[in-house]
Engineer: 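Got a structure here, written out as structure tokens. Questions coming.
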Amino acid sequence: MADSWVNSAERIGADLHLDLSGPGGRRAALTRALREAVRGGRLAPGTRLPPYRSLAADLGVARNTVADAYAELVAEGWLTARQGAGTRVAERAEPLRAPARVTREAAVRARGPRHDLRQGTPDASAFPRTAWLASYRRAIQQAPHEVFGPGDPAGRPELREALSEYLARARGVRTEPGRIVICSGFAHALRLLFGGGVLRGPLAVEAYGLGFHRELLAAAGTRTVPLPLDADGARVGRLARERAVLLTPAHQFPTGGPLHPARRAAAVDWARGRGGVVLEDDYDGEFRYDRKPVGALQGLDPERVIHIGSVSKSMSPALRLGWMALPERYVDGVLAAKGEREAWASVLDQLALADFIAEGAYDRHVRRMRQRYRSRRDRLVAALAEQAPHVEVTGVAAGLHAVLRLPPGTERATVRAAGAHGLAVDGLAAFRHPATDMPTPDGLVVGYATPSDHAYGAALDALCEVLPPP
């Protein structure tokens, strides 16, 4: 029997090739081939198929094989069969339409920019695949059977224990496993705290930050009140009647720089005096280059600070794993807001991360990436010093991005010019709170972590080409 067949034009009315190779036996192969011929338009609606005896003879198969294939396709609605009228392609069996022609411009947009210097993502090519796979395998092999049932909304105890030890050692966080709740990242933490009714607004926020977070809070009915910034970070002395404040004390986002020690103490004193709480976004606290990382604000008062972290910057946002170290009074409310079962963070990923931390692989990865990102930062500073010495670079002591101060009135034009050259970069104004009374300096927020090593040099050259002259 042949594995393919070309029909007689007289029998079907159009030349047709049927490929009968593939898994599942001859009947399954014939059924699949006819279905694809109808779906693809090679057998048009209304086309009469040859009698099953004739087709069986042409194919060299049993007549029952063809009869069963016809019957299956009739039952599915692809064919119709009536006494005296033979077997035909159903009139409603519309073929797939050919995809619309993609224009060159649309193809360019789909591929994304040639050079990506936007903030917010680590180097995807540096994900520790081998070490992560080893942790994943060990986690699955050692996991108790109950792991494969509904997940605990607090998170796996293995991960909460590992985080309790790691956060104390690396970030100065004072907590215990029972006060850690696993989430899928910082945005999820905000949804649980405000969308779940654990905290209520208004919420004081830094005058520059992620607009996505402000939109998320607004959707939860929380009004945000901007705090002005200066060289020492958020001016927490301007806190008024709010009962909660969101800060990035280790490295202000996006302007850079840690919160001054006196203001760290003042923020905690304010929370104590007001019966309020500080939300600490520790988004890239591990990556400091001029000295040891600044410890977490939470260590000053674990009952007045909610410490929130994730692996989105240290490893990958694809993992969707984060955590909250909570004051005891908020634990039950957060768990109630999360629900009875874990619906966000993969339990298997939680176990893998617990192993990754316990085996020391997380520390090794962070140290390796700290060196890599410091080298990236140094290359950025050197390129600007050589090609655009009039542009001031700030916020480079830590993190995965820097701020370039531009001449007044040049930010929008520079961002447009960058886009025209295939370079994606953020303007500083995009992060400004719309209600702040702070002045608006022109600048770019340049992420130096996203490109791979081999693409980074070209990205820096493209950046220097679009910067405005002095």
Side-chain angles (χ1 to χ4, degrees), residues 181 183 185-230 232-255 257 259-260 262-283 296-298 300-310 322 324-338 428-440:
V181 174
C183 56
F186 185 78
H188 185 208
L190 287 184
R191 289 189 179 97
L192 291 172
L193 291 168
F194 290 92
V198 180
L199 299 177
R200 302 187 184 280
L203 172 68
V205 299
E206 295 163 333
Y208 279 78
L210 279 175
F212 167 66
H213 291 163
R214 293 193 295 267
E215 293 168 1
L216 185 156
L217 290 162
T222 300
R223 182 172 65 91
T224 56
V225 180
L227 287 177
L229 300 166
D230 59 25
D232 292 329
R235 295 172 59 183
V236 295
R238 294 277 294 270
L239 286 166
R241 297 182 178 180
E242 301 84 21
R243 299 291 295 275
V245 59
L246 171 58
L247 300 173
T248 52
H251 184 224
Q252 202 287 320
F253 179 85
T255 61
L259 187 64
H260 190 278
R263 293 188 181 177
R264 290 163 66 92
V268 171
D269 290 343
W270 165 85
R272 290 170 177 166
R274 289 284 299 169
V277 65
V278 179
L279 279 67
E280 178 180 26
D281 181 1
D282 198 37
Y283 69 101
L297 180 67
Q298 188 265 7
L300 297 180
D301 192 337
E303 292 302 327
R304 292 297 169 188
V305 180
I306 298 174
H307 179 86
I308 307 172
S310 76
M324 289 181 277
L326 294 159
E328 187 174 1
R329 66 187 183 278
Y330 293 130
V331 173
D332 289 343
V334 170
L335 292 178
K338 200 173 182 188
L428 182 59
F431 303 96
R432 184 176 185 268
H433 194 293
T436 185
D437 56 2
M438 278 186 64
T440 310

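Quick note: numbers below take in every heavy atom, side chains included, and nothing from hydrogens, waters or symmetry partners. Predicted model, so just to flag it, every value in this text is computed and none were measured.
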Engineer: Do you know which two heavy atoms are closest between Ala207 and Met438, and how far apart they sit?
Structural biologist: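 That would be CB-SD, 3.5 Å.
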Engineer: For Asp332, which residues count as a salt bridge (charged side-chain N to carboxylate O under 4.0 Å, His left out) partner, sequence neighbours excluded?
Structural biologist: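 Asp332: no salt bridge (charged side-chain N to carboxylate O under 4.0 Å, His left out) contacts found.
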Engineer: Please set out all donor-acceptor pairs under 3.5 angstrom arising from side-chain atoms of residues 186-195, sequence neighbours excluded.
Structural biologist:
unit_1: His188; atom_1: ND1; unit_2: Ser184; atom_2: N; d: 3.0
unit_1: His188; atom_1: ND1; unit_2: Ser184; atom_2: OG; d: 3.3
unit_1: His188; atom_1: NE2; unit_2: Trp344; atom_2: NE1; d: 3.4

Engineer: Which atoms form the tightest heavy-atom contact between Leu428 and Pro254, and what is the distance?
Structural biologist: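 Looking at all heavy atoms of both residues, the shortest contact is CD1-CG, 4.0 Å.
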Engineer: Could you tell me whether the side chain of Leu300 reaches within less than 4.5 Å of the side chain of Val305, counting heavy atoms only?
Structural biologist: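 When only atoms from C-beta onward are counted, Leu300 and Val305 do not touch, as no gap falls below 4.5 Å.
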Engineer: Is any side-chain heavy atom of Val278 less than 4.5 Å from a side-chain heavy atom of Val268?
Structural biologist: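 A side-chain contact under 4.5 Å is absent here.
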Engineer: Ignoring hydrogens, what is the shortest heavy-atom contact between Ala337 and Val198? Give both atom names and the distance.
Structural biologist: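 What the structure gives for the nearest pair is CB-CG2, 4.4 Å.
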Engineer: Any side-chain heavy atom of Ile308 within less than 4.5 Å of one from Met324?
Structural biologist: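 Yes. Closest side-chain heavy atoms under 4.5 Å.
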Engineer: Under 3.5 Å, side-chain donor or acceptor atoms of residues 218-225 against the rest of the protein: list the pairs with distances, not counting sequence neighbours.
Structural biologist:
unit_1: Thr224; atom_1: OG1; unit_2: His433; atom_2: NE2; d: 2.9

Engineer: What residues, two or more places apart in sequence or in another chain, satisfy salt bridge (charged side-chain N to carboxylate O under 4.0 Å, His left out) together with Arg272?
Structural biologist: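 Only Asp269, Asp301 meet the salt bridge (charged side-chain N to carboxylate O under 4.0 Å, His left out) criterion with Arg272.
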Engineer: Within the side chain of Glu206, is there an N or O that forms a donor-acceptor pair under 3.5 Å with the backbone of Thr248?
Structural biologist: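 Yes, Glu206 side chain to Thr248 backbone: donor-acceptor pair under 3.5 Å.
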Engineer: Testing the basics here: between Pro249 and Leu297, what is the closest heavy-atom pair and its distance to 0.1 Å?
Structural biologist: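 Heavy atoms only, the tightest pair is CG-CB, 4.0 Å.
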Engineer: My understanding is that only residues two or more places apart in sequence, or in another chain, count here; which of them pass side-chain contact (heavy atoms from CB on, under 4.5 Å) with Pro327?
Structural biologist: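 Scan of Pro327 (side-chain contact (heavy atoms from CB on, under 4.5 Å), adjacent residues dropped) gives Glu303, Ile306, Arg329, Tyr330.
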Engineer: Not counting sequence neighbours, list each pair that qualifies as a side chain to side chain donor-acceptor pair (under 3.5 Å) and has a residue in residues 236-245.
Structural biologist: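 The answer is none; no pair qualifies.
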Engineer: Glu328: what forms a side chain to side chain donor-acceptor pair (under 3.5 Å) with it, not counting sequence neighbours?
Structural biologist: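 Checked Glu328 against side chain to side chain donor-acceptor pair (under 3.5 Å); zero matches.
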Engineer: Check side chain to side chain donor-acceptor pair (under 3.5 Å) between Asp281 and all other residues, then give those that pass, not counting sequence neighbours.
Structural biologist: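 In terms of side chain to side chain donor-acceptor pair (under 3.5 Å), with neighbours along the sequence ignored, Asp281 is linked to no residue.
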Engineer: Donor-acceptor check, side chain of Gln252 to backbone of Thr255, threshold 3.5 angstrom: yes or no?
Structural biologist: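 Answer holds: yes.
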Engineer: Ignoring hydrogens, what is the shortest heavy-atom contact between Ala204 and Leu239? Give both atom names and the distance.
Structural biologist: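 That would be CB-CD2, 3.5 Å.
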Engineer: Check whether any side-chain heavy atom of Leu217 sits under 4.5 Å from a side-chain heavy atom of Leu203, and report yes or no.
Structural biologist: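 They are in side-chain contact.
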Engineer: Among pairs that include at least one residue of residues 207-217, which meet side chain to side chain donor-acceptor pair (under 3.5 Å), considering only residues two or more places apart or in two chains?
Structural biologist: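 Sorted pair list comes back empty.
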Engineer: According to side chain to side chain donor-acceptor pair (under 3.5 Å), who are the partners of Asp230, at least two apart in sequence or on a separate chain?
Structural biologist: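 Partners of Asp230 under the side chain to side chain donor-acceptor pair (under 3.5 Å) test: Arg263.
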Engineer: With sequence neighbours left out, write down each residue that passes side chain to side chain donor-acceptor pair (under 3.5 Å) with His307, or none if nothing qualifies.
Structural biologist: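 Side chain to side chain donor-acceptor pair (under 3.5 Å) check on His307 returns Glu280.
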